[in-house]
Each structure stands twice: as structure tokens, then as C-alpha cells.
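Below: the structure, in C-alpha cells.
Index from 1, following the sequence.
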Amino acid sequence: MNNSLYNDFGPKDGMAQFINEINNFKRNFQGDPRAEVEKMMKNGQLSQAQFNEFAQIANQFAKYIK
């Protein structure tokens, strides 16, 4: 199966870097994530379809993030 995230970030080293960047974002994020997403959906920056797609990807990555 072709996975664009895998292609973008490559095998091990790229994936490790990607996960590290997610963890850094998580540590530095200030505010309420749910409120931010709702704001983005309300002002049109994020559609429901995009949210569904990203949520599915996030759930796949969640098992790798501490």
C-alpha cells in the first residue's frame, strides 16, 4: 500500500525525526487543542473531511508518541 507519509518522511530516520517533531510540538503547544480545531473548522481553515482524514492519521501515529 502506498503511504504518502512514509514516502515523505522515509523509513526509520525520517520517521524518528517526524515523531520527534510531533513530540516537540506537543510539549510546546499552549492552549486547548479542541478549541483550536473547532476555531479552524468554524473559520473554514479545516473542513470536516480534512478533520476526519487527519484524525485517522493521528490515531495511527498516536501509538508511537509517548
Approximate separation, where rounding is to 0.5 Å, of Met41 CE and Gln50 CD: 9.0 Å

Distance, nearest 0.5 Å, that separates CD of Glu36 from CD of Gln30: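 Nearest 0.5 Å value for the CD-CD distance: 11.0 Å.
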
Pairs touching residues 29-49 that satisfy ring pair (Phe, Tyr, Trp, His ring centres under 6.0 Å), sequence neighbours left out: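 Those involving residues 29-49 are Phe25-Phe29.
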
Minimum-distance pair of heavy atoms, taken over all atoms of Leu46 and Phe51: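 So the two residues come closest at CD1-N, 3.9 Å.
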
Glu21 and Gln17 side chains, donor-acceptor separation under 3.5 Å: yes

Flag for Asn52-Gln56: side-chain donor and acceptor within less than 3.5 Å: no

